[in-house]
Novice: 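Here's a structure for you.
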Amino acid sequence: MALVKICGVESARDVDLLRDCGVDLVGVWCGVAGGPRDLPVGRAAALVARAAAAPGCRPVLVTTLADERRLRDVVARTGARWVQLHGWQPPALVRRLKAEPGLTVVKVLHVREGSCPEQRLVPAYERAGTDLFLLDALAPDGRVGSTGSPVGVAAALAVADRCTRPFLLAGGISAANRAAHDAVVAHPLYRGVDVDGAARDDRGRLDARRVGELLRAWRPGPARPAAAPAR
Ligand SMILES: O=C(O)c1ccccc1NCC(=O)[C@H](O)[C@H](O)COP(=O)(O)O
């Protein structure tokens with residue numbers, strides 16, 4: 001079954017809302033310079049622990065940190081077992097992180113105007129041990145993350161075809177644009193979606209109705225029982 005990741009929890013209320021909706025992956029930002037939902041490490045650790053305690057829910061530390069020492073420190077202090085490297089970390093850093101047993105590394109591959117600047121590095125990221133790629137839009141001005149812009153089906157397929165590891169798709173994903181992504185969903189390496197903007201209400205708060213719509217669109221089938229062991 002496809003995974004749905006919702007990004008940018010800021011409070012216990014947010015984690016509980018995503019847990020109650022049955023979301024699979026809960027994005028906790030720490031070390032996202034200038035990120036509107038970036039958290040100090042202590043608060044990130046508390047939300048990682050809260051999400052990890054929810055059956056079927058996995059916390060994902062989302063970070064743009066590229067300094068190994070700081071990154072390892074944040075991973076250790078938050079207790080996260082999944083790390084999403086957003087930004088421009090090199091394959092060598094993935095390799096060093098993967099030396100830590102039990103750590104799942106998600107590497108973002110950015111896509112701008114149909115092309116992926118890191119495409120030639122995909123084999124190196126794979127050799128380094130990347131578990132999962134996340135294809136996300138890069139804004140024309142260079143902004144990464146929560147751009148609300150789509151990667152585009154043709155571009156996503158072109159990048160996916162260069163990968164041998166599975167991928168999640170991000171970038172302007174909503175319940176309404178699920179049908180337009182049939183070809184991506186049918187790709188053998190597709191594993192799900194990552195959403196920020198479309199999961200929020202007009203005030204920017206995570207919204208149970210919108211999250212429910214996303215889940216029904218992108219992870220159809222019976223809702224996961226609250227206590228199901230999905231790890
Ligand atoms: O959101 C940011 O500002 C951000 C900055 C730096 C790194 C990551 C960031 N966002 C995290 C995400 O993975 C988003 O969920 C993803 O970009 C999708 O966002 P959206 O297009 O709003 O659905």
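Just follow the structure's listing: the first ligand is 1, and inside any ligand the first atom is 1. The basis for the numbers below is simple: all heavy atoms, side chains too, and nothing from hydrogens, waters or symmetry mates. Count residues from 1 along the sequence.
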Novice: Is the distance between the ring centroids of Tyr190 and His181 less than 6.0 Å?
Specialist: no
Novice: Considering heavy atoms of the protein only, find what lies nearest to atom 3 (O) of ligand 1 and give residue, atom and distance to 0.1 Å.
Specialist: Trp29 CH2, 3.4 Å
Novice: Is Arg200 salt-bridged to Asp14, going by a charged N under 4.0 Å from an acidic O?
Specialist: no
Novice: Distance under 4.0 Å to a non-hydrogen atom of Val144: what atoms of ligand 1 satisfy this?
Specialist: 4 (C), 5 (C), 6 (C)
Novice: Taking only non-hydrogen atoms of Gln84, do any sit less than 4.0 angstrom from ligand 1?
Specialist: yes
Novice: Identify, for atom 13 (O) of ligand 1, the protein heavy atom at the shortest distance, and state residue, atom and that distance.
Specialist: Asp194 OD2, 2.9 Å
Novice: Identify, by atom number and element, the atoms of ligand 1 in contact range of Asp136, meaning under 4.0 Å from any of its heavy atoms.
Specialist: 16 (C), 17 (O)
Novice: Would you say Gly171 contacts ligand 1, with heavy atoms under 4.0 Å as the rule?
Specialist: yes
Novice: Please report whether ligand 1 has a polar contact with Thr64, defined as an N or O pair separated by less than 3.5 Å (distance criterion only).
Specialist: no
Novice: Quick test: of every protein heavy atom, which one is nearest to atom 19 (O) of ligand 1, and how far off is it to 0.1 Å?
Specialist: Ser146 CA, 3.2 Å
Novice: For Pro36, take its heavy atoms, then give the atoms of ligand 1 lying under 4.0 Å from any of them.
Specialist: 3 (O)
Novice: If you measure from OG1 on Thr130 to CZ on Arg165, what distance do you get to the nearest 0.5 Å?
Specialist: 8.5 Å
Novice: If you define the side chain from C-beta out and look only at heavy atoms, does anything of Val108 sit under 4.5 Å from His110?
Specialist: yes
Novice: Using a 4.0 Å heavy-atom cut-off, say whether Asp196 meets ligand 1 through its side chain, its backbone, both or neither.
Specialist: both
Novice: To the nearest 0.1 Å, how far is atom 7 (C) of ligand 1 from its closest protein heavy atom, and which atom is that?
Specialist: His86 CG, 3.5 Å
Novice: Out of Gly197, Cys7, Ala199, whose heavy atom is nearest to atom 22 (O) of ligand 1?
Specialist: Gly197
Novice: Regarding ligand 1, does Gly172 bring an N or O atom to under 3.5 Å of one of the ligand's N or O atoms?
Specialist: yes
Novice: Locate the shortest heavy-atom distance separating Trp29 from Ala44; write the atom from each residue and the value.
Specialist: O-CB, 4.4 Å
Novice: Is there a path from Leu109 to Leu97 through hydrophobic residues (I, L, V, M, F, W, Y) whose side chains come within less than 4.5 Å of each other?
Specialist: yes
Novice: Checking a contact table here: which protein heavy atom is nearest atom 9 (C) of ligand 1, and how many Å away?
Specialist: Gly145 CA, 3.4 Å
Novice: Starting from atom 6 (C) of ligand 1, what is the nearest protein heavy atom, named by residue and atom, and what distance separates them?
Specialist: Val32 CG1, 3.3 Å
Novice: Taking 4.0 angstrom as the limit, do Asp16 and Arg19 come out as a salt bridge?
Specialist: yes
Novice: Any salt bridge linking Lys107 with Glu126? Criterion: basic side-chain nitrogen under 4.0 Å from a carboxylate oxygen.
Specialist: no
Novice: So, are Lys98 and Asp131 salt-bridged, with charged N and O less than 4.0 Å apart?
Specialist: yes
Novice: Nearest 0.5 Å please: distance from the CD1 atom of Ile6 over to the SG atom of Cys21.
Specialist: 8.5 Å
